[in-house]
Amino acid sequence: MGFPEQRFNVNLSILFTELPLLERPAAARAAGFTAVELWWPWLGSPTPARSELDSLRAAIEDAGVRLTGLNFYAGQLPGLDRGALSVPGEESERFRANIEVAAGLAESLGCGALNALYGNRIEGVDPAEQDALALENLVLAARAANDIGAILLVEALNRPESPRYPLVSAPAAVEVVDKVNEATGLDNARFLMDLYHLSMNGEDLPAVIDRFVAKTGHVQIADNPGRGAPGTGTLPLADHLDRLRKAGYEGWVGLEYKPGDRPSAEAFDWLPREARRTP
């Protein structure tokens with residue numbers, strides 16, 4: 001496929017998951033990539049032991065890859081959860097406890113983007129109450145990100161797979177981005193444009209790109225249907241990435257797709273090896 005020049009990274013929470021976490025950075029490097037991203041890897045703990053943090057840090061450094069994106073604690077992900085920051089009670093407190101831990105890990109690895117998943121609507125809780133809590137927590141996260149020179153990402157998911165997640169369109173996520181920037185005055189909140197999720201929502205991707213590229217801090221891709229590698233579905237991903245680049249986007253493109261019934265190392269045949277390495 002004729003993909004334009006882009007800066008690609010590999011999401012190690014959906015690719016190379018057939019390997020233990022600490023072996024995945026080296027596997028990505030062996031496949032030719034020099035940059036990776038991660039969901040929060042300790043599902044049950046927003047504040048893992050220092051030894052666990054140190055082991056992951058060492059695995060990334062020893063592999064010779066750069067961590068370019070990291071999620072804050074988001075509950076059971078993969079699983080039914082879609083974030084914690086708008087969920088009152090224990091989950092919100094877990095998110096807050098995680099902020100400095102995640103920011104510290106990101107800073108130690110030179111990671112410049114932290115993604116904060118909004119969280120599901122909770123039955124019996126006023127959505128306005130959840131939104132107010134979300135803004136409080138996103139402001140805290142944005143300030144922590146700013147302290148390490150990073151941006152805060154807010155992501156739209158898709159309604160079919162995340163029916164209780166309220167941010168299921170690009171405008172909905174960008175509205176939250178704007179509210180966070182207005183509240184902090186830092187202007188470091190950005191939209192995470194996941195082309196797979198937006199396509200699942202039936203959005204007009206060229207129109208989304210043209211309208212929101214200036215507010216976009218990160219892009220993720222997977223083909224649709226199936227959430228597989230580019231070329232396994234029907235999305236013209238090369239065209240969309242070319243449009244993004246021509247519109248001025250120069251950030252990372254995260255490969256956040258399922259490898260299918262093959263080892264992850266074999267799921268990159270659409271991308272020439274020389275295009276996987278970023279100086």
Whether K179 and E182 form a salt bridge (side-chain N of Lys/Arg under 4.0 Å from carboxylate O of Asp/Glu) is what I want to check.
no
Tell me, please, which residues at least two apart from F268 pass ring pair (Phe, Tyr, Trp, His ring centres under 6.0 Å).
F16, F33
Report yes if the side chains of P259 and E266 come closer than 4.5 Å at any heavy-atom pair, otherwise no.
no
Partner residues of R190 under the salt bridge (charged side-chain N to carboxylate O under 4.0 Å, His left out) criterion, sequence neighbours left out
D187
Residues R245 and D242 bridged, charged N to O under 4.0 Å
no
Salt-bridge contact R7-E250 (side-chain N to carboxylate O under 4.0 Å)
no
Got a second to check how far D239's CG is from L244's CG, nearest 0.5 Å?
11.5 Å
Cluster partners of L80, using ILVMFWY side-chain heavy atoms under 4.5 angstrom, listed by chain and number?
none
Excluding sequence neighbours, so at least two apart, what forms salt bridge (charged side-chain N to carboxylate O under 4.0 Å, His left out) with E136?
R96
Do side-chain atoms of N120 reach the backbone of D81 as a donor and acceptor pair under 3.5 angstrom?
no
Verify, without hydrogens or angle tests, whether D223 (side chain) and G233 (backbone) share a donor-acceptor contact under 3.5 angstrom.
yes
Can you see which heavy atom on L198 is nearest to which on A170, and at what distance?
CD2-N, 3.9 Å
Can any side-chain N or O of S86 pair as donor or acceptor with the backbone N or O of A134 at less than 3.5 Å?
no
What I want to check is whether the side chains of T68 and N9 have a donor and an acceptor closer together than 3.5 Å.
yes
Is there a side-chain contact between V253 and L241, using heavy atoms and a 4.5 Å cut-off?
yes
Shortest non-hydrogen contact from N201 to L157?
ND2-O, 2.9 Å
Main-chain N/O of Y73 paired to N98 side chain as donor or acceptor, under 3.5 Å
yes
Check step by step if side-chain contact (heavy atoms from CB on, under 4.5 Å) holds for H240 and V219.
CA-CA 11 Å; H240 294 325; V219 171; over 6 Å; no
Could you go through R277 and T34, starting from their C-alpha distance and side-chain angles, then the distance that decides it, and tell me whether this counts as side chain to side chain donor-acceptor pair (under 3.5 Å)?
CA-CA 5 Å; R277 182 180 180 89; T34 54; 5.9 Å; no
So, does R276 use its side chain to make a donor-acceptor pair with the main chain of L271 at under 3.5 Å?
yes
Whether E37 side chain and N11 backbone form a donor-acceptor pair below 3.5 Å:
no
What are the two closest heavy atoms between S108 and R57, and how far apart are they?
OG-NE, 2.7 Å
More than 12 heavy atoms from other groups under 6.0 Å of CZ on R273:
yes
Can you sort out the partners of Y165 under ring pair (Phe, Tyr, Trp, His ring centres under 6.0 Å), two or more places apart, ordered by chain and number?
none
Step by step, work out the side-chain contact (heavy atoms from CB on, under 4.5 Å) result for E123 and R164.
CA-CA 9 Å; E123 186 175 354; R164 293 186 293 130; over 6 Å; no
Here the side chain to side chain donor-acceptor pair (under 3.5 Å) pairs for residues 149-159, sequence neighbours left out, are N115-E155, N158-E161, N158-H197
Taking every heavy atom of P166 against every heavy atom of A172, the minimum-distance pair comes out as O-CB, 4.5 Å
Establish whether I99 and L43 are linked, either directly or via other cluster members, by ILVMFWY side-chain heavy-atom contacts under 4.5 Å.
no
Between L117 and N71, is any pair of side-chain heavy atoms under 4.5 Å apart?
yes
If two hydrophobic side chains count as joined below 4.5 Å and joins carry through other members, does V139 share a cluster with L114?
yes
For K258 and L15, what are the C-alpha separation, side-chain angles and deciding distance, and is it a side-chain contact (heavy atoms from CB on, under 4.5 Å)?
CA-CA 6 Å; K258 299 175 182 178; L15 285 153; over 6 Å; no
Heavy-atom closest pair, residues A145 and N188:
CB-ND2, 3.9 Å
In this structure, would V180 and L186 fall into the same cluster of hydrophobic residues linked by side-chain contacts under 4.5 Å?
no
Answer yes or no: is there a side-chain heavy-atom contact under 4.5 Å between E23 and P20?
yes
Report yes if the side chains of L56 and P41 come closer than 4.5 Å at any heavy-atom pair, otherwise no.
yes
Verdict with reasoning, F191 to E175, per side-chain contact (heavy atoms from CB on, under 4.5 Å)
CA-CA 9 Å; F191 174 43; E175 181 180 1; over 6 Å; no
Quickly, which of L67, L109, L70 forms a side chain to side chain contact (heavy atoms under 4.5 Å, CB included) with V36? Name it, please.
L67
Holding to salt bridge (charged side-chain N to carboxylate O under 4.0 Å, His left out), I want the full list of residues that pass it with R211, two or more places apart in sequence or in another chain.
none
S199 side chain to L195 backbone, donor-acceptor under 3.5 Å:
yes
hydrophobic_cluster_shared for L235 and L192, side chain cutoff 4.5 Å
no
Are the side chain of T234 and the backbone N or O of N224 linked by a donor-acceptor pair below 3.5 Å?
yes
Partner residues of D178 under the side chain to side chain donor-acceptor pair (under 3.5 Å) criterion, sequence neighbours left out
K215
Flag side-chain contact, heavy atom, 4.5 Å: H218 against D194:
no
With sequence neighbours left out, what residues match E203 under side chain to side chain donor-acceptor pair (under 3.5 Å)?
none
Backbone of P46 reached by a side-chain donor or acceptor of R94 within 3.5 Å:
no
Could R143 and D147 be called an ion pair, given the rule that one side-chain N must be under 4.0 Å from one carboxylate O?
no
Quick one: list whatever passes side chain to side chain donor-acceptor pair (under 3.5 Å) with R82, sequence neighbours left out.
S162
Under the side chain to side chain donor-acceptor pair (under 3.5 Å) criterion, do W252 and Q220 qualify, and how do the steps go?
CA-CA 8 Å; W252 293 96; Q220 291 174 333; over 6 Å; no
Could you list who else is in M200's hydrophobic cluster, with ILVMFWY side chains joined at under 4.5 Å, directly or through other members?
Y196
Partners of D131 by side chain to side chain donor-acceptor pair (under 3.5 Å), sequence neighbours excluded?
Y118, R121
Other residues, nucleotides and ligands only: do more than 12 of their heavy atoms fall within 6.0 Å of CD on E18?
yes
Are S264 and Y257 packed together at the side-chain level, in the sense that at least one heavy-atom pair is separated by less than 4.5 angstrom?
no
Using a 4.5 Å cut-off on heavy atoms from C-beta on, say whether the side chain of L22 contacts that of S55.
yes
Treating Ile, Leu, Val, Met, Phe, Trp and Tyr as nodes and any side-chain heavy-atom pair under 4.5 angstrom as an edge, say whether L153 and V213 lie in one connected cluster.
no
Can you find a side-chain donor-acceptor pair between N137 and S92 that sits under 3.5 Å?
yes
Is the centre of the F72 ring less than 6.0 Å from the centre of the W42 ring?
no
